[in-house]
Protein chains: 2
Amino acid sequence: MSLQIKNYKQIISYGISFAFLLALLKWLEIRYIVFQNSFEIYAGAIALIFTVLGIWLALKLAKPTIQTKIIEKEVFINRVDEFKFNRAAADNLGLSDREIEVLQLMANGLSNQEIADKLFISLNTIKTHISRIFEKMNVKRRTQAIELAKNLSIISY
Amino acid sequence: MSLQIKNYKQIISYGISFAFLLALLKWLEIRYIVFQNSFEIYAGAIALIFTVLGIWLALKLAKPTIQTKIIEKEVFINRVDEFKFNRAAADNLGLSDREIEVLQLMANGLSNQEIADKLFISLNTIKTHISRIFEKMNVKRRTQAIELAKNLSIISY
DNA sequence: ATTCCATTCATACTTTAGTATGATTTAAAG
DNA sequence: CTTTAAATCATACTAAAGTATGAATGGAAT
């Protein structure tokens, strides 16, 4: 357990307080004869006062336990700008990489033939991919697939 | 600033330690004559010991000060429903209200038949509207129209 | 009043989209 | 080594989308 020092000004002020207390006790010793008969009372008083002082010092100087609290702040993004691919959603639907690729091109407004040309595969293959996509996404039309995929951030705008 | 007590067994053991220390000092007083000439040294020793004891007590018993550090984590949320209809863009393309209505339903994934049913007009009328929309927007497919319309904020997401 | 335009509808047609089924290849997983 | 899944392709079909053309209506502007 370590005492973390906050700053030297505080240390100095505590030192001064300490010295002052000692002086006060000395003064009391001279002025009154409280302890004339019982040295133990005087020692006890010192013990008590400095125990309290120690407690006070410790509480003042002890390093506070830092508790980190993370607050999630919602930041709304308007479309396109920053697109974060939601892999979880894609995986959840069981969409393959190729299917997502086709989905994106579909959403970009390409016809099946254009997608086929772009990916250097046959029109039939595109149709097969798209049928699988519809099955997995549980939709009936490409427009629905596009709508859903964008909502799930599977494809960008 | 409050001292939080952990349990009474500890308090008792600390009390015993306290008493033992006092006894030890008394014993030292008798055994050696360390303080014979200087009472101040003895008082200082007591002060020091009990300051340390106080500090130790405080650290043991005090409930640690919890300083909460708040970290704001930004959670990005794609899209908001904050949609501002871009009338200028729609007017620029010469799209009529009805056409924009059809466009929106198209983007929502409805088939021509479903749009017709929803608007209580015939499938043929929907086809006519859509052909006009494609002409005005200079596109060939509904997916392209949807893409463009969304980019121009003519329809919402 | 008449022109203009949005809206509606129809028929006939072409093109594209989507379904069903089966098959091959290849790479990863068991 | 064999099973599994992704990716590829084909044929044949149905359904939906999209085009072309023409037309009727009603409201707003000229």
Side-chain angles (χ1 to χ4, degrees), chain A residues 85-152 154-155, chain B residues 85-152 154-155:
Chain A
F85 172 59
N86 186 353
R87 182 167 298 281
D91 287 348
N92 191 39
L93 292 174
L95 292 170
S96 72
D97 290 351
R98 196 57 152 174
E99 284 163 355
I100 291 168
E101 201 177 359
V102 171
L103 200 50
Q104 179 68 66
L105 294 173
M106 218 162 68
N108 291 345
L110 303 209
S111 69
N112 290 345
Q113 187 59 63
E114 286 168 344
I115 297 170
D117 293 345
K118 187 155 228 167
L119 299 181
F120 301 107
I121 55 181
S122 84
L123 174 59
N124 287 311
T125 305
I126 295 301
K127 286 185 174 185
T128 306
H129 282 319
I130 289 178
S131 279
R132 290 250 158 72
I133 292 168
F134 291 172
E135 270 180 55
K136 290 175 179 177
M137 297 184 82
N138 197 31
V139 297
K140 296 208 176 302
R141 279 176 290 282
R142 57 171 55 209
T143 47
Q144 290 180 328
I146 293 165
E147 167 94 339
L148 180 57
K150 286 183 174 179
N151 278 337
L152 295 176
I154 289 171
I155 57 171
Chain B
F85 173 59
N86 186 352
R87 180 167 299 280
D91 287 348
N92 190 39
L93 292 173
L95 291 171
S96 71
D97 290 351
R98 196 58 153 175
E99 283 162 356
I100 292 168
E101 201 177 359
V102 171
L103 200 49
Q104 179 67 67
L105 293 174
M106 218 162 68
N108 290 346
L110 301 209
S111 68
N112 290 345
Q113 187 60 64
E114 286 168 344
I115 297 171
D117 292 345
K118 186 156 230 169
L119 300 180
F120 302 107
I121 54 180
S122 84
L123 174 61
N124 287 311
T125 305
I126 295 300
K127 286 185 174 184
T128 306
H129 282 318
I130 289 178
S131 280
R132 289 252 157 73
I133 292 168
F134 292 171
E135 272 179 54
K136 289 177 179 177
M137 297 183 82
N138 196 32
V139 297
K140 295 205 178 304
R141 278 175 291 282
R142 59 173 52 211
T143 48
Q144 289 179 328
I146 292 165
E147 167 94 338
L148 180 58
K150 284 183 176 178
N151 280 337
L152 295 177
I154 289 170
I155 56 171

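Labels below follow one simple rule: chain letters A, B, ... track the order of the sequence lines, proteins then strands, and each chain is numbered from 1.
Taking atom CD on B:Gln144 and atom P on D:dA17, their separation rounds to 16 Å, with Å as the unit. In this structure, B:Leu103 atom CG and D:dG18 atom P are separated by 12 Å, rounded to whole Å. What separates CZ of B:Arg98 from P of C:dA6 is a distance of 14 Å, to the nearest Å. Atom-to-atom, CD of B:Gln113 to C1' of D:dA17 comes out at 12 Å; the value is rounded to the nearest Å. If you take CG of B:Leu123 and P of D:dG18, they are 11 Å apart, rounded to a whole angstrom. In this entry the distance linking CD1 of B:Ile115 with P of C:dC9 reads 14 Å, nearest Å. When the P atom of C:dA6 is taken as reference, atom CG of B:Leu119 falls 17 Å away, rounded to whole Å. When rounded to the nearest whole Å, the span between CG of A:Asp117 and P of D:dC9 equals 12 Å.
Look at A:Ser111 and you won't find any side-chain N or O under 4.0 angstrom from OP1 or OP2 of C:dT16. Here A:Thr125 does not reach the OP1 or OP2 of D:dA7: none of its side-chain N or O atoms lies under 4.0 Å away. Regarding contacts with the backbone of D:dT8, a side-chain N or O of A:His129 is found under 4.0 angstrom from either OP1 or OP2. Between A:Ser122 and D:dA10 there is a side-chain N or O to OP1 or OP2 distance below 4.0 Å.
Within the structure, salt bridge (charged side-chain N to carboxylate O under 4.0 Å, His left out) pairs that include any residue of residues 97-115 of chain B comprise A:Arg141-B:Glu114, B:Arg98-B:Glu101, B:Glu99-B:Lys136 (at least two apart or interchain). A salt bridge (charged side-chain N to carboxylate O under 4.0 Å, His left out) check over residues 116-132 of chain B, counting only residues at least two apart or in different chains, returns nothing.
Between B:Gly94 and A:Leu110, the residue anchored nearer the 5' end of DNA chain C, judged by the nucleotide with its closest heavy atom, is B:Gly94.
Using a 4.5 Å heavy-atom cutoff, the side chains of A:Leu119 and A:Leu105 are in contact. You'll find the side chain of A:Met106 stays beyond 4.5 Å of the side chain of B:Thr143, heavy atoms only. Looking at heavy atoms from C-beta onward, A:Ile121 lies in side-chain contact with A:His129 at the 4.5 angstrom threshold. At a threshold of 4.5 Å between non-hydrogen side-chain atoms, the residues A:Val139 and A:Glu147 do not count as touching. Side-chain contact check for B:Asn92 versus B:Leu152: every heavy-atom pair is 4.5 Å or farther apart. The closest side-chain heavy-atom distance from B:Ile146 to A:Ile146 is not below 4.5 Å. With contacts defined as side-chain heavy-atom distances shorter than 4.5 Å, the pair B:Ile155/B:Asn108 does not qualify.
Between B:Ile100 and B:Ile154, the shortest heavy-atom distance links the atoms CG2-O, 4.0 Å.
Within a 6.0 Å radius of CG in A:Asn138, no more than 12 heavy atoms belonging to other residues, nucleotides or ligands are found.
Residues that satisfy the side chain to side chain donor-acceptor pair (under 3.5 Å) test with A:Asn86, not counting sequence neighbours, are absent from this structure.
Comparing the start and finish of the helix from C:dA1-D:dT30 to C:dG30-D:dC1, five pairs each, the helix axis swings through 50°, to the nearest 10 degrees.
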(request) Summarise protein proximity over nucleotides 18-30 of chain C in one line of letters, 5' to 3': B for base, S for sugar-phosphate only, - for none, counting protein heavy atoms closer than 4.0 Å. (result) BB-----------

Pairs: protein N or O with nucleotides 28-30 of chain D N or O, under 3.5 Å:
none

